[in-house]
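A short write-up of the structure that comes next.
Note that the structure is a prediction, hence the values are computed from the model and not measured. The figures here come from the full heavy-atom set of this structure, side chains too, leaving out hydrogens, waters and symmetry mates.
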Amino acid sequence: MKSGVERAYFDMAEILEAHGHEVAFFSMNDPKNEPTKWSKYFVEGVDYNAENLSLWKKIRMAQRIIFNFQAYKNLDKLIEDFKPDVAHMHNIYHQLSPSVIYALKKHNIPTVLTLHDYRIISTNYNLFLRGKIWEKKNILAGIKDRCVKDSYLKSSLGAVEKIFHDILGSYGKINVFISPSMFLMNKFREFGFGGKIEYIPNPLNDLFYSAEAPYDAAGPLVYYSRLSKEKGVDVAIRAMEFLPEEKLHIIGAGPEKENLMALAKELGVEKRIFFFGQKKIDELKEMLNEAKAILVPSIWYENMPYAVVEPLAMRKIVIASRIGGIPDLIRDGENGFLFKVGDSLDLSKKIKELCKYDLARIKDKAGEGVAGCNREKYYENIMKIYQKLLMRKEKSA
């Protein structure tokens, strides 16, 4: 099960190739990479969380975050070989850096970037710090609050990076930004971002539209996503205290797994909570099929979480936090359910009260709400953007 960004990246490439387009990839080297003939151009991967590094290595790593010259040179060579019409970027921060924007502009290639988080407008990429939403716009406040990895040094580096590219206007050189949610787009505007943003939801794998999943009142509650603090998995575990008849299946991996297992044991609910680790997409669908409801207890500003749109496409019952882009997708009591952020008691009440609703109607509405996330619609939307950029390039030539 890939991360949301990885899935959007590979799904987009797959859709383009299915429509006869040739796609070249540019990324960092990593043992988990998919095989591709374009890997000869990839840049050296760096572990920015490595411990006991020498001062020189720390300086080199800092320089790469701000402007990765290897990424610039390697992409320049790829462009000369492949000669792309359009470049579509996803998360270019840290490993590649905005240096890739300059390589693309050197060759006058139209550029598009899909936004997945808040890195361009804040040194804190998810606007979340120590268990709470963090939205300070002052860069010095970010250093003072240690908003990056709870570190003064990393927060200072993030501030330098942002100031450097703000002065150069690096992101202003990108032609079009794509936001998968209205919430994220509005948050960028709230922070004063002036780039051109188009709203296009990420595409869903057709597998999730292929069949209607049944409602099983005796099925388990299911959480599936990364096991990290901002995802609020602990909220779902705490809710199990109030739900003695329920079971919770947790699918995914992440840094909080051990803490979550310890919490379940502390609360005495460990016998009703099962951790399954990562699952392939077909296995995941089967587990979602069997679920009573899908829980999305996030406590940060989610963008367009797959853990919401995929089960909605399957016409499953989704119970999610009222935060970020989630209320754009779910209308409480109409096509799913929303509960108060971080409130495990409120979550448990929503689960207990499911029997009071016409769930067949809610399931039908769930599917209707994500009908626009199919792959053909996505292809149609991004091609309109590409074609406009190419026409503009021809006129200016």
Side-chain angles (χ1 to χ4, degrees), residues 5-30 32-46 60-61 63-116 119-120 161 164-178 195-198 200 203 378-379 381-397:
V5 178
E6 290 169 337
R7 291 172 71 180
Y9 177 87
F10 284 110
D11 284 351
M12 185 189 76
E14 188 178 297
I15 291 166
L16 289 170
E17 289 176 332
H19 284 83
H21 300 279
E22 188 178 357
V23 177
F25 296 91
F26 186 68
S27 183
M28 64 174 229
N29 279 310
D30 189 279
K32 295 180 289 185
N33 280 355
E34 300 282 347
T36 173
K37 67 178 182 178
W38 303 104
S39 60
K40 62 184 178 181
Y41 297 104
F42 288 8
V43 301
E44 175 189 356
V46 177
R60 286 281 296 142
M61 288 171 65
Q63 176 261 304
R64 286 170 63 102
I65 288 174
I66 295 171
F67 196 97
N68 189 326
F69 287 96
Q70 183 191 30
Y72 177 90
K73 292 176 183 177
N74 289 13
L75 182 56
D76 186 51
K77 292 175 184 176
L78 185 152
I79 292 168
E80 290 177 357
D81 183 3
F82 183 63
K83 297 179 174 57
D85 296 312
V86 175
H88 195 136
M89 297 171 278
H90 288 264
N91 276 13
I92 60 173
Y93 331 111
H94 303 323
Q95 293 288 349
L96 300 181
S97 85
S99 65
V100 297
I101 300 170
Y102 291 87
L104 293 164
K105 285 304 165 185
K106 173 186 174 182
H107 294 271
N108 195 30
I109 296 169
T111 51
V112 180
L113 186 147
T114 294
L115 301 167
H116 295 282
R119 185 66 190 86
I120 294 176
E161 177 193 6
F164 181 82
H165 289 293
D166 282 351
I167 292 172
L168 289 182
S170 299
Y171 293 107
K173 301 180 189 302
I174 294 173
N175 298 110
V176 178
F177 295 84
I178 290 176
K196 179 178 176 57
I197 307 177
E198 297 279 357
I200 301 179
Y378 178 81
Y379 175 72
N381 287 334
I382 62 169
M383 286 309 297
K384 285 179 182 178
I385 291 175
Y386 293 169
Q387 288 162 1
K388 284 181 182 179
L389 292 176
L390 290 171
M391 287 175 61
R392 191 185 307 166
K393 180 181 177 180
E394 288 175 6
K395 288 181 181 179
S396 62

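- A donor-acceptor contact shorter than 3.5 Å links the side chain of Asp30 to the backbone of Lys32.
- Closest approach of Ala87 to Ile109, counting heavy atoms only: N-CG2, 3.7 Å.
- Across all their heavy atoms, Asp76 and His107 have their closest contact at OD1-NE2, 2.5 Å.
- Scored by the salt bridge (charged side-chain N to carboxylate O under 4.0 Å, His left out) test, Glu17 finds no partners at all (sequence neighbours excluded).
- Nearest heavy-atom pair across Leu96 and Ala71 is O-CB, 3.5 Å.
- Using the six-membered ring where Trp is involved, Phe82 and Trp38 have ring planes that are perpendicular, over 60° apart on the 30 and 60° scheme.
- Taking the side chain as every heavy atom from C-beta outward, Ile382 and Ile178 approach each other to under 4.5 Å.
- For the pair Tyr41/Phe25, no side-chain contact is recorded, criterion being any heavy-atom separation below 4.5 Å from C-beta on.
- Put simply, CE on Met12 and CZ on Phe10 are 10.5 Å apart, with the number rounded to the nearest 0.5 Å.
- Using a 4.5 Å cut-off on side-chain heavy atoms (C-beta onward), Phe42 and Thr36 make contact.
- Here Lys173 pairs with nothing under the salt bridge (charged side-chain N to carboxylate O under 4.0 Å, His left out) rule; sequence neighbours left out.
- Annotation: side chain of Met89 is not in contact with side chain of Val112 (no heavy-atom distance under 4.5 Å).
- Between Met28 and Asn33 the shortest heavy-atom distance is O-ND2, 2.8 Å.
- The structure places CD1 of Ile197 at 6.0 Å from CG of Leu115, a figure rounded to the nearest 0.5 Å.
- Classified by interplanar angle (parallel below 30°, tilted 30° to 60°, perpendicular above 60°), the ring pair Tyr379/His21 is tilted.
- With Asn175 contributing its side chain and Pro110 its backbone, the two residues share no donor-acceptor pair below 3.5 Å.
- To the nearest 0.5 Å, atom CD1 of residue Ile92 and atom CZ of residue Phe26 are 10.5 Å apart.
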Go through Arg392 and Gln387 one step at a time and tell me if the side-chain contact (heavy atoms from CB on, under 4.5 Å) criterion holds.
CA-CA 9 Å; Arg392 191 185 307 166; Gln387 288 162 1; over 6 Å; no
May I have the step-by-step check of salt bridge (Lys or Arg N to Asp or Glu O under 4.0 Å) for Lys106 and Glu80, ending in yes or no?
CA-CA 11 Å; Lys106 173 186 174 182; Glu80 290 177 357; 5.0 Å; no
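- Here the side chain of Lys393 pairs a donor or acceptor atom with the backbone of Asn108 at under 3.5 angstrom.
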Show your reasoning for whether side-chain contact (heavy atoms from CB on, under 4.5 Å) applies to Tyr102 and Ser170.
CA-CA 8 Å; Tyr102 291 87; Ser170 299; 2.7 Å; yes
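- Side-chain polar atoms of Asp166 and Tyr171 form no donor-acceptor pair below 3.5 angstrom.
- Counting only distance, with no hydrogens or angles, the side chain of Glu198 and the backbone of Val176 share no donor-acceptor pair below 3.5 Å.
- The side-chain heavy atoms of Asp85 and Tyr386, taken from C-beta on, include no pair separated by under 4.5 Å.
- In the displayed structure, Met383 atom CE is contacted under 6.0 Å by more than 12 heavy atoms of other residues, nucleotides or ligands.
- Residues Asn68 and Ser97 approach most closely at N-OG, 2.8 Å, considering heavy atoms.
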Would you please test Ile120 and Phe177 for side-chain contact (heavy atoms from CB on, under 4.5 Å) and show each step?
CA-CA 11 Å; Ile120 294 176; Phe177 295 84; 3.8 Å; yes
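- Across Ile65 and Pro98, no two heavy atoms sit closer than the pair O-CD, 4.5 Å.
- To the nearest 0.5 Å, atoms CD (Gln70) and CG (Leu75) are separated by 11.5 Å.
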Could you please spell out the steps behind the side-chain hydrogen bond (donor to acceptor under 3.5 Å, both in side chains) verdict for Tyr9 and Thr114?
CA-CA 9 Å; Tyr9 177 87; Thr114 294; over 6 Å; no
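- Proximity of a side-chain donor or acceptor of Gln63 to a complementary backbone N or O of Phe67 within less than 3.5 Å is detected.
- How far OG1 of Thr111 is from CD1 of Ile174: 5.5 Å, rounded to the nearest 0.5 Å.
- Atom NZ of Lys388 sits about 13.0 Å away from atom CG of Leu390, to the nearest 0.5 Å.
- Taking the six-membered ring where the residue is Trp, His90 and His88 present parallel rings, their angle staying beneath 30° rather than reaching 60°.
- Using a 4.0 Å cut-off between a side-chain N of Lys or Arg and a carboxylate O of Asp or Glu, Glu22 and Lys83 do not qualify as a salt bridge.
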